[in-house]
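To start, the structure itself, in structure tokens.
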Amino acid sequence: MKKCLLSAAAVAILAGLASLSASPDAFAQNPPAAAPAPHKVGLIDMAHVFKNYRKFEVLREELKSEIEGADREAQAKAAQIKKLQDELKNSPYKPGSPEYNNLESRITQLVAEFEMFRKVSQREFLAREAKVYKTIYLEVTDAVALYAKYYKYTLVLRFTRDKIQDAQDPKEILNSMNHQVVFHVPDDDITLSVLKYLNDQYSKGSGAAAAPARNATGTPTNSPAGTRRQ
């Protein structure tokens, strides 16, 4: 009985194979699902881009200049307070006298103004610094997106170009050993290409990083095609 069942199964299999061979267009009528496009991964050192992007350097220098100006103003206010405090300390007026009280009130007022100036300035400069970083970050990511679309990258990851061979300090060595990217081929690193594109755009016109111009078909006309080789 078992032998008969096995024979029947073998006949069924052979019949199925025969039907497929008799229909060469079977796959044409029911094609398999298309294979997904292969991933292409790029790497970018954001710290290197920030450090060498000329617009970031200009914005930071402008902010630094204003901070130094505010520091000089704060120092002048502090010197004025110190002068009045010395006057009060060495004044011939007795505590509680109208002259003593007026000078003391003036010092108290200047100290309050100084503290307010310091707090407001610090808050404003921190906000402006954050805005600078946000502006540059968005410009870099826009350039990365343009570059990735042009060269068909499906994923771009952050990494560092620093190599463990260059590390000397024990902390630097440990940090290098913790890098997520262990190996990559040179063409995976798009850092210098994106940086060149950003600096080229910044050098044009008003110096602002221009948005990519597009033609009627939507193709970027100032695409980073010429920046591929590093």
Side-chain angles (χ1 to χ4, degrees), residues 44-144 158-162 166-179 191-192 194-211:
I44 185 166
D45 188 337
M46 294 292 283
H48 184 87
V49 173
F50 269 64
K51 183 179 179 180
N52 294 279
Y53 183 16
R54 288 193 294 272
K55 180 175 180 178
F56 181 61
E57 181 182 357
V58 168
L59 293 179
R60 288 191 66 188
E61 285 300 318
E62 291 176 354
L63 186 59
K64 179 182 177 182
S65 178
E66 294 187 25
I67 292 175
E68 290 174 348
D71 284 342
R72 288 191 295 269
E73 186 174 350
Q75 291 171 7
K77 291 179 181 294
Q80 184 181 11
I81 293 171
K82 179 66 167 58
K83 180 181 178 181
L84 291 177
Q85 287 174 336
D86 290 341
E87 289 182 11
L88 182 64
K89 181 179 179 180
N90 301 316
S91 70
Y93 310 120
K94 294 181 179 180
S97 66
E99 294 82 3
Y100 189 96
N101 290 341
N102 287 338
L103 187 55
E104 191 174 46
S105 296
R106 177 61 178 156
I107 293 173
T108 301
Q109 179 184 355
L110 288 177
V111 169
E113 291 176 355
F114 173 80
E115 288 299 322
M116 179 62 68
F117 175 81
R118 184 181 62 82
K119 290 180 180 179
V120 170
S121 297
Q122 185 179 43
R123 183 169 62 248
E124 289 180 350
F125 285 128
L126 285 175
R128 290 185 57 186
E129 183 180 35
K131 185 177 180 180
V132 167
Y133 274 87
K134 179 180 179 180
T135 297
I136 298 303
Y137 181 82
L138 291 176
E139 289 185 6
V140 174
T141 53
D142 285 346
V144 169
R158 294 181 60 168
F159 87 125
T160 176
R161 294 165 61 86
D162 298 335
D166 302 327
Q168 301 294 331
D169 183 83
K171 185 177 180 180
E172 292 180 353
I173 295 174
L174 291 176
N175 288 337
S176 298
M177 293 172 62
N178 288 326
H179 292 168
T191 302
L192 298 184
V194 171
L195 177 61
K196 182 179 184 304
Y197 173 73
L198 286 166
N199 281 329
D200 288 347
Q201 293 300 305
Y202 179 64
S203 298
K204 295 178 181 178
S206 63

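Hydrogens, waters and symmetry mates play no part in the numbers below; they use all other heavy atoms, side chains included.
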Within 6.0 angstrom of Phe125 CZ, more than 12 heavy atoms from elsewhere: yes
Carboxylate-amine/guanidinium contact Glu113 Lys77, below 4.0 Å: no
Side chain to side chain contact (heavy atoms under 4.5 Å, CB included) between Phe114 and Ile81, intermediate numbers included: CA-CA 9 Å; Phe114 173 80; Ile81 293 171; 3.8 Å; yes
Approximate separation, where rounding is to 0.5 Å, of Gln80 CD and Ile107 CD1: 10.0 Å
Separation of Glu57 CD from Asn199 CG (nearest 0.5 Å): 9.5 Å
Enumerate, atom names and distances included, each donor-acceptor pair closer than 3.5 Å involving a side-chain atom of residues 62-71, sequence neighbours excluded.
from  : atom 1 : to     : atom 2 : distance (Å)
Glu66 : OE1    : Arg128 : NH1    : 2.3
Glu66 : OE1    : Arg128 : NH2    : 3.4
Glu66 : OE2    : Arg128 : NH2    : 3.2

Any Lys131 side-chain heavy atom under 4.5 Å of Lys134 side chain: no
Sub-4.5 Å side-chain heavy-atom contact between Glu87 and Lys83: yes
Stepwise side chain to side chain contact (heavy atoms under 4.5 Å, CB included) test for Leu126 and Glu129: CA-CA 5 Å; Leu126 285 175; Glu129 183 180 35; 4.1 Å; yes
Test item: Leu198 and Lys55 side chains (from C-beta on) under 4.5 Å apart, heavy atoms: no
Distance in Å, Ser91 OG paired with Leu84 CG, rounded so as to fall on 0.5 Å steps: 11.0 Å
Inter-residue atom distance Asn102.CG - Leu88.CG, 0.5 Å rounding: 11.0 Å
Closest contact, heavy atoms only, Ala143 versus Val194: CB-CG1, 4.0 Å
Crowding at OH, Tyr137 (>12 non-hydrogen neighbours, <6.0 Å): no
Closest non-hydrogen atom pair between Asp45 and Arg161, with its separation: OD2-N, 2.8 Å
Contacts of type salt bridge (Lys or Arg N to Asp or Glu O under 4.0 Å), residue Arg118, not counting sequence neighbours: Glu115
Distance under 6.0 Å and angle within 45° of ring axis: Lys51 vs Phe56: no
Approximate separation, where rounding is to 0.5 Å, of Tyr93 OH and Ser97 OG: 8.0 Å
Side-chain touch Ser203/Arg54, heavy atoms, less than 4.5 angstrom: yes
OH on Tyr197 to OH on Tyr53, rounded to 0.5 Å: 9.5 Å
Non-hydrogen side-chain atoms of His48 and Thr160 separated by less than 4.5 Å: no
Stepwise salt bridge (charged side-chain N to carboxylate O under 4.0 Å, His left out) check, Lys196 with Asp200: CA-CA 6 Å; Lys196 182 179 184 304; Asp200 288 347; 2.8 Å; yes
Presence of salt bridge, Asp86 and Lys82, under 4.0 angstrom: yes
